[in-house]
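Input: a single structure, listed below in structure tokens.
Because only heavy atoms are used, hydrogens play no part in the values below, and waters and symmetry mates are left out as well, while side chains stay in. Just so it is clear: chains get the letters A, B, ... in the order the sequence lines come, proteins before strands, and each one is counted from 1.
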Amino acid sequence: MNRDNKLKFMTSHYKSFTYIENLHQHIGEAVTLNGWVFDKTEKGKLIFIKLRDGSGIVQCVLFKPNVSEDISANAQALTQESSVSVKGLVRAEQRAPGGVEIDVQDIKLWQVARDYPITPKEHGVEFLMEHRHLWLRSTRQHAIMRVRAAVIKAIRDFFDGNGFTLMDSPILTPNASEGTSTLFETQYFDLGKAYLTQSGQLYAEASAMALGRVYTFGPTFRAEKSKTRRHLTEFWMVEPEMAYFDLNDDMDLAEDFVEYIVQYCLKTCKRELAILGRDITKLEAVKRPFHRLSYTEAVEWLNANEIKLNKRTPDGAEVQVDFPWGEDFGAPQEEAIMTQFNKPCIIHRYPTDVKAFYMKRDVENPKVVLAMDMLAPEGAGEIIGGSQREDDFNALRERVLHENLPEHEFQWYLDLRKYGSVPHSGFGLGLERTVKWITGAEHIREVIPFPRMIYRIVP
RNA sequence: UCCGCAGUAGCUCAGCUGGUUAGAGCAUCUGACUGUUAAUCAGAGGGUCCGGGGUUCAAGUCCCUGCUGCGGAGCCA
């Protein structure tokens, strides 16, 4: 990720040591580096130490006859992930990775690490997840975390630069906003049960009625017992909400937004994407306009291409049937639809019964709601879910009652339809699913520093 | 919750229709080497074969059961 060089205080004020990323500015000078041993190998009178400091990796070479016995003893004592300060001359060197290396003059040992568990060889995911706190030190994880940081910056730049106001929504909420999903529960003083939020959307709607264009960006919690490569129990979601936006405006914004994020990463994360071995031609193709299909067109496509639905009959047998209009798409249907496309696709106007109570019905066809999901290509799946919201007081109240939601807890939400109600729309984008897609990571757990999953809360 | 797969050295794995003392690569330790990039070469140490029960002359291997993890479905971002 390209560093923002407008803020130079880290290089101009703190002179006691140098960061590896700045070494090319110091060729011929003596510098002190502070870091950790990434790898060490000895060849006779030479010791090669690959040092990492978080900003990069550089090879430090110690030639034993050039230094005292104490210093070469220090170098020899180094183990993987030992913490050290290295003093030496910076020189350009063709044979060194990166073209720059340090001719070591002095080594100060902070701590010798014993038996670092993650060796430079292969490891299984289970083992690595148990050592997540150490796994983050590896090159590949550095690259993923920097792409994640770039995606977050792109998200904030996009909205901040387009007249949106950040309006954080609460994490503790009195009810399930969609009334369906399983939520994490806790006791809230004497006021009864509270839940960890599964979406900031209802609060974003209230904020949009105040400030016009807003977004909320924070952690979200789902207590579903999901065990897949695309689910976390704690994940980050950004949710823009716009007054006077209809569904088409919403879809246009979602396309602009996703295009901006992907193009920003291509521009600023070349090195990281190269480390990850990402095929960037696939990302370069992510340009507007994206594909769009109505739910009904998608069902017709599935049936025209004989992509059947696996259904279980009451006696337990599995049968394959034509996809029936009205059924929600699962991962297999979405994946099949996306095989046609090399850039994202929006599916819109889903059956009313499979979507949330707050979505507005299509006046032209009340059997569908003005909802939209954006699916990313390359099997990445759903990254956005959004809709135009129901803005009519009576229609919304009817939906609240129909879903057996506690009306008194939704009074404030219904109020928004009483005092200057307007058409409005928004969507939620899953941060980790987006980062997984852009980095090409196998599993969503790799793209958040400390993943929370059904059977793992440590570290 | 349902379906499938797995658990053998610190790590990644092999171990056939049950058959002597349990195998490899890497890592670790010792030694050699002035250019290593996952160095190479020589040597050494390292095992509750996930737990419990059963079948058998004999179980890492077969059966039952439990635990743990992984993947998929559902739920969704």
- prompt: Salt bridge between A/Glu81 and A/Arg137, side-chain N to carboxylate O under 4.0 Å?
  reply: yes

query: Which of residues 61-76 of chain A sit near RNA chain B, with a heavy atom under 4.0 Å from it?
result: A/Phe63

Separation of the C1' atoms in B/rU48 and B/rC67, to the nearest angstrom: 16 Å

C1' spacing across the pair B/rU17 / B/rC75, given as an integer number of angstrom: 46 Å

message: For A/Lys87, is the NZ atom crowded, meaning more than 12 foreign heavy atoms sit under 6.0 Å from it?
response: no

Indicate every side-chain donor-acceptor pair of residues 106-114 of chain A with a distance under 3.5 Å to a residue at least two apart or in another chain.
| unit_1 | atom_1 | unit_2 | atom_2 | d |
| --- | --- | --- | --- | --- |
| A/Trp110 | NE1 | A/Ser85 | OG | 2.8 |

C1' spacing across the pair B/rG74 / B/rG18, given as an integer number of angstrom: 42 Å

task: Between B/rA58 and B/rG43, how far apart are the P atoms? Round to whole Å, please.
output: 40 Å

- request: State whether the aromatic ring of A/Phe48 stacks on the base of B/rG35, taking stacking to mean ring centres under 5.5 Å apart and ring planes under 30° to each other.
  value: no

- request: Classify every nucleotide of nucleotides 39-46 of chain B by which part a protein heavy atom approaches to under 4.0 Å, writing B for the base, S for the sugar-phosphate alone and - for neither, in 5'-to-3' order.
  value: B-------

- prompt: In whole Å, what separates the C1' atom of B/rG15 from that of B/rG7?
  reply: 15 Å

Lys/Arg N to Asp/Glu carboxylate O, A/Arg222 vs A/Glu224, below 4.0 Å: no

- prompt: For residues 80-97 of chain A, which residues have at least one heavy atom under 4.0 Å from RNA chain B?
  reply: A/Arg91, A/Glu93, A/Arg95, A/Pro97

field: Opposite nucleotide pairing with B/rC5, Watson-Crick or G-U, both atom distances under 3.5 Å
entry: B/rG69

- line: Taken in chain and number order and not counting sequence neighbours, the residues that satisfy side chain to side chain donor-acceptor pair (under 3.5 Å) with A/Tyr203 are none

query: Which pair of non-hydrogen atoms, one from A/Lys343 and one from A/Val286, has the smallest distance, and what is that distance?
result: CB-CA, 4.4 Å

task: Between A/Val125 and A/Thr119, just flag the one whose closest nucleotide in RNA chain B comes earlier from the 5' side.
output: A/Val125

task: Tell me which residues in residues 369-388 of chain A put a heavy atom below 4.0 Å from RNA chain B, sorted by number, or none.
output: A/Glu382, A/Ile383, A/Ile384, A/Gly385

statement: The answer to which of A/Leu232 and A/Glu126 contacts RNA chain B further toward the 5' end, by nearest nucleotide, is A/Glu126

- prompt: Between A/Arg389 and A/Asp246, does at least one N-O distance fall below 4.0 Å, as a salt bridge requires?
  reply: no

